[in-house]
Amino acid sequence: MSPRQVFQTLCRMCDDHCALNVYLEEGRVVDIDGYQGHPWNRGRLCSKGRAAVDLVYHPDRLWKPLKRTASGWQEIPLEQALDEIAERLRAIQQRYGERAVGVWKGEAVGFAQQEDLARRFIHAIGSPNYFSNDSLCFNGRWIGYSTVHGAWSVPDYEHARLVVLWGANPPHAHPNMTQMIMRARRRGARLVVLDPRLSAVARQADVHAPLAPGTDGALAWGLIQALLERGAYDRELVEGYSVGFPQLRAYAAAFTPQRVERETGVPAATLSRIAAAMAEASPAVVNYVGNGLEHHENGINNIRAVACLDALLGALDRKGGNRLAEGFPSNRLTLYRERPLTALSPIGAERFPVLYGMRRECHTMTAMDTILSGRPYPLKAMLLTAANPAMTNPNTEKVTRALGALELFVVRDLFLTETARLAHYVLPAASFLERSELHVHAMFQVVTLSRKLLSFPGVQDEYRFWHDLAHRLGAGAYFPWKDEEELTRWLLEPSGLSLERLAEHPEGWPYQPIRYEKWREQPLATPTGKVEFASRYLKDLGYPEIPEYRPPAYRSAPDPEYPFVLVTGARKLLFYHSRYQNIERFARAGRNPEMEMHPDDAARLGLADGEPVRVSSRVGTIQLPVTVTASNEILPGTVQITHGYRQANVNLLTPDDVFDPISGFPLLKALQVKVARADSAAAPG
Ligand SMILES: Nc1nc2c(c(=O)[nH]1)N[C@H]1C(S)=C(S)[C@@H](COP(=O)(O)OP(=O)(O)OC[C@H]3O[C@@H](n4cnc5c(=O)[nH]c(N)nc54)[C@H](O)[C@@H]3O)O[C@H]1N2
Ligand SMILES: Nc1nc2c(c(=O)[nH]1)N[C@H]1C(S)=C(S)[C@@H](COP(=O)(O)OP(=O)(O)OC[C@H]3O[C@@H](n4cnc5c(=O)[nH]c(N)nc54)[C@H](O)[C@@H]3O)O[C@H]1N2
Ligand code: SF4
Ligand SMILES: [Mo]
């Protein structure tokens, strides 16, 4: 028997990238635990990390390419699958034009290197149409922050004296961040949580303000006004390094505590407590914005208002505030300089010029309409990897119809998912233990190598797939590296760090010491080089110059037919969007969908805990059990359903035609719905 060997790599069961020890016997993973040496997780793992073994050897995993035929799925050899896919792509591009093909990269392969490979491939074959889960994730926050600060920043929990979480729930979503917040608490930092629900982290807070969904902007403006009134703002930053302060001051004046209370439901006394805590702790204040703010019709301006508050507090790039992370110097994989292809009208670029302009992100929801209508031009083929939009994107019914209408749909996944079932070809994808890549932990400014520890015949890593297809399509010159290892060597070149050296440092290689207040020496990455309380860039595109507050539609124009406000997508530790419901060891942790509801609302509807309800929006209806919460756990009138459940997919209710006008992000967190007991709600028709 061969001895047990141990290797270090990074976990990618979620985007946190914890450092792992992976134990192998005879080439098979027998155990996984946390690697103590890495500053990020310090040896800790969440339950999903250990379950990577279950994922890799899952009985339902795909090992052979599948081709859809009139008589069902047929297993075919990999080389044949790639030949046929290339042939059909070529025919589609010849018939409808090069831009008729798109790629779609999902959350599961992550960002950075894997994302840039997909971007590179699509430009290499002449189309600008790169899509991803980032049409509804993170870009909203990035845009909100970057239009004010020039970048998204990382929270400096280690030195913070006050942590304010806006619509984020780290105990479920980001376990390492939770550890940092708890360490800061032990050192005496205070914690404020702004969330319509008493989330796991809100239970730990000094102040939990359950504000009405989508009203964070009003609260941020109220805090800005309260700080201005006290004169508690950073004069050096504001006077020397910002533009638009007079406009900010003038607009804030209307946000009296009474108005903020009316808009948000947060009592004037609570607002004043939070403002006092901010003034006292500044500039060592972390404002961290989660997913809870970006899924709204007014999301970006709400986030911009928080970013303005941040700058006012002087927390920008200050110790204990939000630090501007410095990037790792590596070669660039994308082709936006060499082949920008903007003249080919990337899908969504005209409708959402900021999403494309700042992030080079085509808009997935617009893609669904384009596929179905053929306008403004035909979109006929899609190569999708690591996503399950038939569960995760709004208006699932339409997504399913659109993806099903493609002339060629190729899906790479580990499993035959709802989305894969719509494909013409399904290719078995490599798990994270079967590929290698660089990962930058921005919070520590270290780069770590995640290593390929396993390989299975016929299962390609992402690089090999794009490489093989590009070579078949005459774009091989863009994929000259023989394998991931060669690619990684090339990526590392500008850093002067060798692959061997990096591999010797599973604790991560510190590429740049951490510095603060860099704005003193170098301009911010905004157009003016300063903090932009007012944005000329947005104004020129027809958006408000300062982050004006607009109440969400359910408050400004409520539809009496749909009296409840539905928030979706609160994370559960063991599940990841549509993933991991098939992992047996999680079975007992509850993989059944539920709708959280306030006890007064339940009593009014005569609903007991666990009873089935029908929830309907203007888009669709689903049925699932109600969980009646304690009276402080959710706001009355608000209900919550997590996405990703096969038995009751909440995205059958979410609209794909209501957007934040700046980012194009869909409304997923303040939907108007009605709720009825399942048995009494058999509506006619
Ligand atoms: N286990 C697990 N971890 C995950 C994921 C997963 O699916 N499972 N997904 C990953 C991904 S891709 C993402 S983007 C992150 C998300 O990470 P987080 O943003 O931390 O995710 P959530 O748990 O949804 O927390 C959002 C919170 O915002 C609240 N909220 C909803 N609407 C509003 C609002 O209008 N205002 C305010 N202030 N709060 C509001 C919700 O009640 C919820 O508690 O999590 C990542 N981590
Ligand atoms: N209603 C509602 N909907 C939401 C949200 C919400 O809050 N509310 N949140 C949104 C957010 S923030 C996000 S990020 C999206 C995420 O949406 P998606 O990107 O669609 O995420 P997943 O459901 O995790 O799909 C990942 C797929 O990749 C497969 N996979 C796993 N590992 C690998 C791998 O190594 N390689 C490959 N090729 N495939 C792999 C999995 O089996 C799974 O089918 O969901 C969004 N949807
Ligand atoms: S938090 Fe859990 S799933 Fe995410 S990287 Fe760490 S161990 Fe893996
Ligand atoms: Mo996300």
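Only heavy atoms go into these numbers, but all of them, side chains included; no hydrogens, no water, no symmetry mates. These numbers come from a predicted model, not from an experiment. This chain uses plain numbering: 1 for the first residue, then up along the sequence.
Side-chain contact of S436 with R451: a donor-acceptor pair under 3.5 Å is absent, judged by distance alone. There is a side-chain donor-acceptor pair under 3.5 Å between E434 and S431. Looking only at atom types and distance, the side chain of H467 has a donor-acceptor partner in the side chain of R464 under 3.5 Å away.
When atom types are taken as modelled, the side chain of D413 and the backbone of L427 share no donor-acceptor pair closer than 3.5 angstrom. Using a distance-only test at 3.5 Å, with no hydrogens or angles considered, a donor-acceptor pair links the side chain of R88 to the main chain of E407. Judged by distance alone, the side chain of D54 and the main-chain N or O of I583 form no donor-acceptor pair under 3.5 Å. At least one donor-acceptor pair closer than 3.5 Å links the side chain of H295 to the backbone N or O of L136. In this structure a side-chain-to-backbone donor-acceptor pair under 3.5 Å is present from R61 to V56. For the pair R12 (side chain) and A108 (backbone), a donor-acceptor distance under 3.5 Å is present. Distance alone, capped at 3.5 Å, places no donor-acceptor pair between the S495 side chain and the S330 backbone.
Between F444 and W40, the angle of the ring planes goes over 60°, which puts this pair in the perpendicular group of the 30/60° scheme. In this structure, W481 and F479 have perpendicular ring planes: the angle between them is above 60°, well past the 30° mark. Taking the six-membered ring where tryptophan is involved, the planes of F138 and W152 are perpendicular, since the angle between them exceeds 60° and thus also 30°. Note on ring orientation: taking the six-membered ring where Trp is involved, the planes of Y511 and F328 are perpendicular (angle over 60°, cut-offs 30° and 60°). The aromatic rings of H441 and H439 sit perpendicular to each other, their planes meeting at more than 60°, with 30° as the lower class boundary. The aromatic rings of H505 and W509 sit perpendicular to each other, their planes meeting at more than 60°, with 30° as the lower class boundary.
For E79 and R472, the salt-bridge test passes: some basic side-chain N is under 4.0 Å from an acidic carboxylate O. E75 and K67 are not joined by a salt bridge, as no carboxylate oxygen comes within less than 4.0 angstrom of a charged side-chain nitrogen. The residues E107 and R579 are annotated as salt-bridged, a charged nitrogen and a carboxylate oxygen being separated by less than 4.0 angstrom. Between E484 and R435 there is no salt bridge, since no side-chain nitrogen of the basic residue lies less than 4.0 Å from a carboxylate oxygen of the acidic one.
Exactly one residue among M368, R421, K398 makes a side chain to side chain contact (heavy atoms under 4.5 Å, CB included) with L403. That residue is M368.
Going from atom CG of N395 over to atom CG of L652 covers 8.0 Å, rounded to the nearest 0.5 Å. Atom CG of L408 is separated from atom CG of L406 by 8.0 Å, given to the nearest 0.5 angstrom. To the nearest 0.5 Å, the span separating CE on M365 from CD1 on I347 amounts to 12.5 Å.
Around NZ of K64, the count of heavy atoms belonging to other residues, nucleotides or ligands within 6.0 Å does not exceed 12. In this structure, E338 places its CD atom where more than 12 heavy-atom neighbours from other residues, nucleotides or ligands lie under 6.0 Å away. Atom CZ of R44 has 12 or fewer heavy atoms from other residues, nucleotides or ligands within 6.0 Å.
Both tests do not hold together for R120 against W466: distance to the six-membered ring centre under 6.0 Å, angle to the ring axis within 45°. Geometric assessment of R360 against the ring of Y130 yields a negative cation-pi assignment under the 6.0 Å and 45° thresholds. Annotation: cation-pi pair R119/Y336 absent, no NZ/CZ under 6.0 Å from the ring centroid and within 45° of its normal. Geometrically, K380 engages Y96 in a cation-pi contact defined by less than 6.0 Å to the ring centre and at most 45° from the axis.
Counting only residues at least two apart or in different chains, ring-ring contact (aromatic ring centres under 6.0 Å, His included) contacts with residues 360-386 comprise F352-H363, H363-F659.
Side chains of D134 and F665 form no contact here, defined as non-hydrogen atoms less than 4.5 Å apart.
Checked against side-chain contact (heavy atoms from CB on, under 4.5 Å), R646 has the following partners two or more places apart in sequence or in another chain: N388, M391, E418, S578, Q581.
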Working for salt bridge (charged side-chain N to carboxylate O under 4.0 Å, His left out), residues E486 and R489: CA-CA 5 Å; E486 265 196 8; R489 286 183 194 283; over 6 Å; no
Under the criterion side chain to side chain donor-acceptor pair (under 3.5 Å), I'd like the reasoning laid out for N651 against T654: C-alpha separation, chi angles, the key distance, then a yes or no. CA-CA 5 Å; N651 282 321; T654 50; 2.8 Å; yes
